[in-house]
Amino acid sequence: MEVLQAKFVRQFVEMANDGYTHGYHERNGGNLSYWILPEEIEQVRAHLFPSRPWMDIGTEVPELAGEYFLVSGTGCFFRHIKDDTVNTCGIIEVDLTGEKFRILWGFESGGRPTSELPAHLMNHAVKKGITNGKNRVIYHSHPVNLIALTFLLPLNDSAFTKELWQMMTECPVIFPDGIGVLPWMVPGQKEIAVATSKKMKDYNAVVWAHHGIFVSGTTFDEAFGLCHTIEKSAEIAVKVRSVSHSKLQTITRPMLRELAAAFKIKLAELFMR
Ligand code: 2HA
Ligand code: ZN
């Protein structure tokens, strides 16, 4: 099967386009990666060309040795992924040491994977262990209201989780573990990749102060839906703050407990104090 016809590629492109139309990807902002299943790589193997050299990942991911990923490209605009997938995206293979990768398809005009490849692969490595291989998608974007909140709330997991849980009734159901927050750091480096992947041990979403968010998911819908929900909740928080310094009422802790009981979910106790 041609790579562009494979279902996982079509879903990847659809999600990238959703992110663009939601306004999460100005210029070349944001990036997306998908851990390809063995049967999916077999569907397209006849169209892969291991003709380019092994390159350094910039970190070590021995857990992902020999695995294949579909990734967006550095400098690429999400608005072009739908109509120009072969130049804006590519399939890569991780080598057997987990320190190098090579391009097998895509990036036709000489591009290469996202500058955040270390963070993507380290997050995949952590989630692979925690979810028994079920997590497939890692997504990074720049949603405007969430970034605005990083100027208004204390930069810690508790402040963000409590605020965003309170803003929309279904938030605690969608991210019962809460969300992680990192202080401002230089993007594209191993340090921010290590810090993000540490937070991914506890959460499926990690906020980068004054920058954006990383989310994980077992499917494209799960990952995008989580980002979308968090950004919508952040938009409500920003709107409420824009109108008034104080809230007249909110979703209280007893209400959160009622919700957890009704939906049979376990909310992270850390954020219920
Ligand atoms: O420009 O979003 O964090 C791509 C990015 C880097
Ligand atoms: Zn970014």
Side-chain angles (χ1 to χ4, degrees), residues 12-13 15-34 55-59 61 69-82 84-85 87-92 101 103 106-107 109-127 137-151 153 155 160 179-200 203-217 220 223-224 226-231 234-235 238:
F12 181 103
V13 169
M15 172 164 163
N17 199 58
D18 274 346
Y20 173 67
T21 56
H22 279 73
Y24 302 162
H25 300 280
E26 77 294 338
R27 206 177 179 280
N28 60 317
N31 23 79
L32 175 61
S33 64
Y34 172 72
M55 288 180 275
D56 286 328
I57 292 170
T59 190
V61 282
F69 295 85
L70 176 60
V71 295
S72 61
T74 184
C76 293
F77 290 27
F78 264 52
R79 69 187 298 251
H80 295 316
I81 288 183
K82 189 162 174 252
D84 194 16
T85 314
N87 286 308
T88 53
C89 300
I91 291 177
I92 61 167
F101 72 93
I103 296 166
F107 300 128
S109 44
R112 46 171 297 170
T114 165
S115 58
E116 304 294 358
L117 188 64
H120 277 262
L121 293 185
M122 290 192 84
N123 289 338
H124 276 293
V126 162
K127 286 295 178 190
V137 180
I138 299 289
Y139 175 51
H140 168 60
S141 70
H142 299 170
V144 65
N145 294 287
L146 184 64
I147 297 171
L149 263 195
T150 67
F151 295 89
L153 291 183
L155 295 174
F160 271 73
I179 67 177
V181 180
L182 288 179
W184 185 87
M185 294 175 79
V186 177
Q189 309 288 311
K190 183 173 174 178
E191 289 71 28
I192 198 167
V194 170
T196 309
S197 64
K198 259 194 206 152
K199 292 275 185 195
M200 280 287 180
Y203 309 111
N204 288 322
V206 180
V207 177
W208 283 6
H210 320 326
H211 183 143
I213 188 168
F214 258 87
V215 293
S216 63
F220 292 103
F224 190 79
L226 178 58
C227 177
H228 193 191
T229 306
I230 290 171
E231 167 58 2
E235 182 175 354
V238 167

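Every number for a ligand or one of its atoms is a count from 1 in the order of the listing. Just so it is clear, the values below take in all heavy atoms, side chains as well, and ignore hydrogens, waters and symmetry mates.
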Below 6.0 angstrom between ring centroids: does that apply to His120 and Phe214? yes
Verify whether one side chain among Thr150 and Trp184 offers a donor that lies under 3.5 Å from an acceptor in the other. no
Quick check on ligand 1: any N or O pairs to the protein under 3.5 Å? One line per pair.
{"unit_1": "ligand 1", "atom_1": "1 (O)", "unit_2": "Asn28", "atom_2": "O", "d": "3.1"}
{"unit_1": "ligand 1", "atom_1": "2 (O)", "unit_2": "Gly30", "atom_2": "N", "d": "2.9"}
{"unit_1": "ligand 1", "atom_1": "2 (O)", "unit_2": "His140", "atom_2": "NE2", "d": "3.3"}
{"unit_1": "ligand 1", "atom_1": "2 (O)", "unit_2": "His142", "atom_2": "NE2", "d": "2.9"}
{"unit_1": "ligand 1", "atom_1": "3 (O)", "unit_2": "Glu116", "atom_2": "OE2", "d": "2.5"}
{"unit_1": "ligand 1", "atom_1": "3 (O)", "unit_2": "His140", "atom_2": "NE2", "d": "3.2"}
{"unit_1": "ligand 1", "atom_1": "3 (O)", "unit_2": "His211", "atom_2": "NE2", "d": "3.0"}

Say whether Asn31 and Glu116, considering side chains only, have a donor N or O and an acceptor N or O under 3.5 Å apart. no
Does any donor atom in the side chain of Ser216 or Asn204 lie under 3.5 Å from an acceptor atom in the other side chain? yes
Residue list, side chain to side chain contact (heavy atoms under 4.5 Å, CB included) with Ala193, at least two apart or on another chain: Pro118, Ala119, Met122
Distance alone, cut at 3.5 Å: any donor-acceptor contact between the side chains of His25 and His140? no
Angle subtended at the Zn ion (ligand 2) by NE2 of His140 and NE2 of His211, to 10 degrees? 100°
